Amino acid sequence: MFHSAIESRLRAAVSALVPTADPATIQVKPASEARFGDFQSNSLMLVAKAARMNPRQLASDVVARLDVSELCEPVEIAGPGFLNFRLTRQALEQWLSDAACGKPVLIPKAETPRTVVLDFSSPNVAKPMHVGHIRSTGIGEALQRMWRLLGHRVISDNHIGDWGTQFGKLLVGWKELLDRQALESDPIAEMERLYKTVNTQCDADPARLEMARQELVRLQAGDPENLAIWKEMIRLSQVQFDTLYGRMGTRFDHTLGESFYNAELGSVVEALLAAGIARLSDGAVAVFSDRTLSPKEDPFLVSRDGEWVDVPALIRKSDGGFNYMTTDLATVDYRIRTWAPDEILYVVDDRQSGHFRGLFHVFARWQPEAYRKTQLRHIGFGKILGEDGKPFKTRSGDTVRLADLLDEAEERALQVVTEKRPDLDPSERREIARIVGLGAVKWQDLLPNRQSDYVFSWDKMLALQGNTAPYVQYQYTRAAKVVRDSGAPTAAQPIALTEPAEIALAKHLMNLGFTLQAAAEECRPNYLCNYLHELAGLYSSFYEACPVLKAEEPARSTRLALCRLSAQVLRLGLETLGIEVTEKM
RNA sequence: GCACCGGUAGCUCAAUUGGAUAGAGCUUCUGACUUCGGAUCAGAAGGUUGCAGGUUCAAGUCCUGCCCGGUGUACCA
């Protein structure tokens with residue numbers, strides 16, 4: 001990796017001259033524009049500022065000590081103190097040659113691998129998975145794959161909603177209103193119907209609500225009948241989860257739902273009470289502000305009528321039940337004790353950012369030592385909107401089920417494939433449609449900055465040109481086809497880059513590692529999407545401008561190496577995003 | 001009321017978190033082609049980054065104040 005090689009030498013040169021400089025601030029990254037070379041660093045301006053030096057002077061002193069001559073042309077100092085690095089042709093050709101014959105120069109393995117617990121997807125038992133789960137599941141899966149690719153240890157845990165007040169209502173419904181036949185044919189729909197029916201009754205009738213509460217209490221007390229029904233509901237739900245995760249290509253190392261922590265909840269509350277962190281309030285147990293933060297930053301204070309009033313986190317309700325703050329605290333505690341992770345990441349809707357701020361804050365007070373060792377991060381994301389700018393719904397106003405959405409994506413893709421490739425047989429077309437349809441959905445979801453809302457559009461995501469999965473997948477098939485047709489083995493071949501399109505493609509291929517690191521570090525799969533779309537475009541331009549199989553040597557070998565590597569990186573990149581490729585489309 | 005997240009080309013979105021002349025795609029217009037699979041490529045047009053100040057070598061990004069939109073605001077998760 002050139003950028004890290006240059007970076008470490010730059011660090012050495014700077015610290016020799018300015019011992020006080022923080023090495024972490026000295027960074028090299030791909031140049032923002034080709035005319036500035038291939039890599040740039042703006043760090044000297046920061047160092048100079050901190051040390052009250054003249055940045056241009058510092059730059060020329062550093063450059064005098066910096067030997068990168070076997071990699072780069074002479075280093076250029078630009079503007080107020082930018083360093084511009086331009087790779088030599090030989091260095092680039094050597095890299096391409098190494099990469100093309102399979103040397104590990106594409107992806108930098110982490111020097112100090114970290115253990116990361118990844119909490120994502122988290123659907124509820126007895127409810128259908130819906131569009132909302134695409135984001136958490138897709139982003140979570142992409143993160144899982146990116147971190148693993150970089151050599152980190154990832155523990156993915158699906159924290160399903162299998163415990164809680166909804167089961168009181170579900171139990172009432174199950175015992176009184178269950179339609180066995182309906183349960184047989186579509187268990188999720190039937191359980192949803194039960195819940196909705198009883199929920200409506202409870203709104204109108206307090207006696208009904210009390211009945212639901214009684215059933216919940218019995219369940220929590222271990223009543224055999226209620227436990228058996230509860231387990232059956234989980235089993236039926238797990239079938240749904242497995243089917244959908246199978247289609248989405250998602251895997252979890254663990255599925256430790258809320259119920260897993262049930263036995264710990266009481267002691268969590270006791271511990272917080274004993275430590276003086278929680279106290280009784282209106283019959284509930286609550287954690288109040290400790291006034292160590294300014295009111296504006298304090299998650300447990302809110303301003304009403306000009307006064308800061310307490311909004312505590314509840315960890316035990318006045319009826320003795322626990323809520324999700326309690327469960328989440330027990331979960332953090334368990335994960336840290338069990339896996340000793342460096343980080344725990346929660347891939348959850350941005351609307352819960354307040355909850356996580358509170359959670360992390362309470363945990364910090366409860367276990368300050370563990371909190372210092374483990375970074376807790378909420379990886380939030382925005383909503384999916386319909387073309388009217390409102391939350392994405394079906395025409396009748398219901399939430400869109402994930403299964404229906406995936407079906408429709410495949411169906412729409414099939415129409416396109418049938419139109420484009422009538423020559424293929426139906427089963428082949430269906431398989432291509434599956435790969436393209438699911439890829440399109442995932443790409444659309446991963447492409448925007450995860451924090452912003454995005455508008456769901458069938459037409460745009462399945463469009464054949466533009467920043468879409470089909471476009472990138474198609475460029476893969478073209479590259480892979482050339483490699484197949486060449487019949488050439490993966491042996492070392494002479495490399496001689498001459499054409500601008502070849503050079504631009506080679507340089508972009510080189511930046512995969514940097515992009516992956518940035519995407520993983522900031523939990524932004526969209527960096528990888530944009531990188532791949534750019535790569536697909538550069539490949540296509542190259543393919544247009546430079547004949548491969550018809551070319552004379554050494555251009556033929558060079559271009560073949562570029563095709564091979566482009567195919568490899570496109571495939572690897574897409575698969576890292578959880579998107580499959582196909583050889584024909 | 002308060003807090004959080006947004007406001008960038010006609011449209012949908014980026015901008016590697018303070019870097020150099022704000023980039024893509026769509027749309028529109030112009031061009032290439034009996035192709036190593038055209039689901040292609042080349043080019044053009046499109047901007048006072050919501051408004052007004054401030055910080056510094058440098059601001060879409062940070063600070064202050066406004067204006068819009070969304071979300072959240074103790075016994076649901």
Side-chain angles (χ1 to χ4, degrees), chain A residues 29-33 35-36 40 42 45-46 48-49 55-56 78-82 84 122 124 161 164-166 258 281-286 295-314 316-319 321 323-325 327-328 349-355 357 380 382-383 389 416-417 419-421 436 447-449 451-455 457 459-460 463-468 470-471 473-475 477-478 481-482 485-486 514-515 517-519 521-522 524 526-527 529-531 533-534 537 540-541 543-545 547-551 559 563 584-585:
Chain A
K29 55 184 177 181
S32 56
E33 286 183 55
R35 67 195 171 90
F36 298 137
Q40 65 179 34
N42 58 316
M45 292 177 283
L46 303 175
K49 183 167 218 167
R56 290 277 317 195
F82 293 99
N84 293 335
S122 309
N124 282 319
T165 44
Q166 75 268 30
E258 293 168 350
S281 168
D282 295 339
V285 178
K296 284 182 90 151
E297 294 168 336
D298 197 318
F300 307 121
L301 291 179
V302 70
S303 170
R304 285 214 188 98
D305 305 324
E307 279 192 44
W308 292 100
V309 300
D310 286 298
V311 184
L314 292 193
R316 194 173 72 199
K317 298 187 283 181
S318 51
D319 67 2
N323 56 19
Y324 80 141
M325 180 62 80
T327 314
D328 279 0
D349 192 337
D350 255 335
R351 279 175 291 195
Q352 295 196 35
S353 61
H355 166 69
R357 278 215 308 148
K383 292 185 294 296
V416 179
V417 178
E419 183 193 321
K420 293 282 176 189
R421 297 300 302 267
V436 170
L447 180 64
N449 182 324
Q451 283 168 326
S452 48
D453 297 345
Y454 77 90
V455 174
S457 161
D459 293 336
K460 266 180 45 192
L464 309 168
Q465 60 284 86
N467 197 338
T468 62
Y471 175 80
Q473 287 168 321
Y474 177 65
Q475 299 306 338
T477 65
R478 297 215 294 181
K481 177 75 160 42
V482 176
D485 289 352
S486 74
F514 182 87
T515 305
Q517 284 177 327
E521 205 55 46
E522 297 177 33
R524 296 194 184 280
N526 64 314
Y527 290 172
C529 290
N530 283 318
Y531 170 86
H533 177 247
E534 217 172 313
S540 196
S541 303
Y543 183 78
E544 199 77 15
V548 181
L549 301 179
K550 297 172 188 165
R559 291 172 186 177
C563 288
K584 285 187 204 169
M585 61 185 281

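Here the structure is a predicted model, which means the values were calculated and not measured. Per chain, numbering begins at 1; letters A, B, ... match sequence-line order.
A:Ala313 and A:Phe300 make their closest contact through CB-CE2, 3.7 Å (heavy atoms, listed as atom of the first residue, atom of the second, distance). Contact detail for A:Met325 and A:Leu314: the closest heavy-atom pair is CB-O, 3.5 Å. Nearest heavy atom pair, residue A:Glu297 against residue A:Arg357, reads O-NH1, 3.0 Å. A:Lys460 and A:Thr468 get closest at one heavy-atom pair: O-CG2, 3.2 Å. Across every non-hydrogen atom of A:Pro80 and A:Met45, the tightest pair is CG-SD, 3.6 Å.
Of all nucleotides listed (B:A3, B:A39, B:A77), B:A3 comes nearest to the side chain of A:Lys296. For A:Lys481, taking side-chain heavy atoms from C-beta onward, the closest of the listed nucleotides B:U56, B:A74, B:G37 is B:G37. For A:Val417, whose side chain is taken as the heavy atoms from C-beta onward, the closest listed nucleotide among B:A39, B:U35, B:A14 is B:A39. In the set B:A74, B:C41, B:C57, B:A74 carries the atom at the smallest distance from any side-chain atom of A:Leu314. Among the nucleotides B:G38, B:A24, B:A74, the one closest to any side-chain atom of A:His533 is B:A24. The listed nucleotides are B:A39, B:C75, B:A77; the one nearest the side chain of A:Asn124 is B:A77. Counting only heavy atoms from C-beta on, A:Lys317 has its side chain closest to B:C75 among B:A58, B:C75, B:G19. In the set B:A39, B:A14, B:A74, B:A14 carries the atom at the smallest distance from any side-chain atom of A:Ser452. The side chain of A:Arg357 lies closest to B:A3, out of B:A20, B:G72, B:A3. Side chain of A:Ser541, nearest nucleotide from B:A20, B:G25, B:A42: B:A42.
The side chain of A:Asn530 contributes no N or O atom lying less than 4.0 Å from OP1 or OP2 of B:A15. Between A:Lys383 and B:G72, a side-chain N or O to OP1/OP2 separation shorter than 4.0 Å is absent. The phosphate of B:C41 (OP1 or OP2) has a side-chain N or O of A:Ser540 nearer than 4.0 angstrom. Distances shorter than 4.0 Å separate none of the side-chain N or O atoms of A:Lys29 from OP1 or OP2 on B:U16. The phosphate of B:C41 (OP1 or OP2) has no side-chain N or O of A:Tyr474 nearer than 4.0 angstrom. Between A:Asn526 and B:A15, a side-chain N or O to OP1/OP2 separation shorter than 4.0 Å is present.
Looking at A:Arg524, its side chain comes within 3.5 Å of the base of B:U17 through a donor and an acceptor atom. Counting atom types as modelled, A:Gln40 pairs a side-chain N or O with a base atom of B:A20 as donor and acceptor under 3.5 Å. The base of B:U21 lies close enough to the side chain of A:Arg35 for a donor and an acceptor atom to sit less than 3.5 Å apart. If you check distances only, the side chain of A:Glu522 does reach the base of B:U17 with a donor-acceptor pair under 3.5 Å. A donor-acceptor contact under 3.5 Å links the side chain of A:Tyr324 to the base of B:A77. The base of B:G19 is paired with the side chain of A:Asn42 by a donor and an acceptor separated by under 3.5 Å. Applying the 3.5 Å distance criterion, the base of B:A74 shares a donor-acceptor pair with the side chain of A:Ser281. Contact of A:Ser318 with B:C75 (side chain to base): a donor-acceptor pair of N or O atoms is detected under 3.5 Å.
A:Glu534 has its CD atom 11 Å from the C1' atom of B:A14, to the nearest Å. Spacing between atom NZ of A:Lys460 and atom C1' of B:A24 amounts to 12 Å, rounded to whole angstrom units. The distance from atom OH of A:Tyr543 to atom P of B:G37 is 5 Å, rounded to the nearest whole Å. Atom CG in A:Leu46 sits roughly 11 Å away from atom P in B:U17 (whole-Å rounding). Between A:Phe82 atom CZ and B:A58 atom P there is a gap of 12 Å when expressed in whole angstrom units.
Comparing B:A9 with B:U34, their C1' atoms sit 39 Å apart, to the nearest whole Å. Distance check on atom C1': B:A42 versus B:C5 gives 40 Å, rounded to whole Å. Rounded to a whole angstrom, the distance from the P atom of B:C66 to that of B:G19 is 28 Å. On the C1' atoms, B:C26 is 13 Å away from B:G46, given to the nearest whole Å. For B:A24 and B:A44, the P atoms lie 11 Å apart once the distance is rounded to whole Å. Nucleotides B:G25 and B:U71 have their P atoms positioned 33 Å apart, rounded to a whole Å. A distance of about 12 Å separates the C1' atoms of B:C51 and B:G7, rounded to the whole Å. Nucleotides B:G53 and B:C67 have their C1' atoms positioned 15 Å apart, rounded to a whole Å.
B:U34: glycosidic angle beyond 90° from 0, hence anti.
The nearest heavy atom of RNA chain B to A:Arg478 and to A:Glu258 marks one nucleotide each, and the one closer to the 5' end goes with A:Arg478. Taking for each of A:Lys584 and A:Leu447 the nucleotide of RNA chain B with the nearest heavy atom, the 5'-most of the two is the partner of A:Leu447.
Both stacking criteria are satisfied for A:Phe36 over the base of B:A20: a centre-to-centre distance under 5.5 angstrom and an angle between ring planes under 30 degrees. Centre separation under 5.5 Å together with a plane angle under 30° does not hold for the ring of A:Tyr471 and the six-membered base ring of B:A39, so they are not marked as stacked.
At the heavy-atom level, A:Pro547 lies under 4.0 Å from base atoms of the strands shown. Within the nucleic acid shown, A:Asp282 comes within 4.0 Å of at least one base atom, counting heavy atoms only. Heavy atoms of A:Asp328 sit nowhere under 4.0 angstrom from any nucleic acid atom. Using a 4.0 Å heavy-atom cutoff across all strands shown, A:Gln352 reaches at least one base atom of the nucleic acid. Nucleic acid contact for A:Val455: sugar-phosphate only, since backbone atoms but no base atoms lie under 4.0 Å from a heavy atom of the residue. Within 4.0 Å of A:Phe300, counting heavy atoms only, lies no atom of the nucleic acid at all. Across all strands, A:Ala313 comes closer than 4.0 Å to no nucleic acid atom at all (heavy-atom distances). Using a 4.0 Å heavy-atom distance criterion, A:Asp453 is classed as a sugar-phosphate-only contact.
A:Gln475 and A:Tyr543 form no side-chain donor-acceptor contact under 3.5 Å, judged by distance and modelled atom types alone.
With values rounded to the nearest 0.5 angstrom, A:Leu447 atom CG is found 10.0 Å from A:Tyr454 atom OH.
Stem analysis of RNA chain B (at least three stacked-register Watson-Crick or G-U pairs, each with both distances under 3.5 Å) gives B:1-7 with B:67-73, B:10-13 with B:23-26, B:28-32 with B:40-44, B:50-54 with B:62-66.
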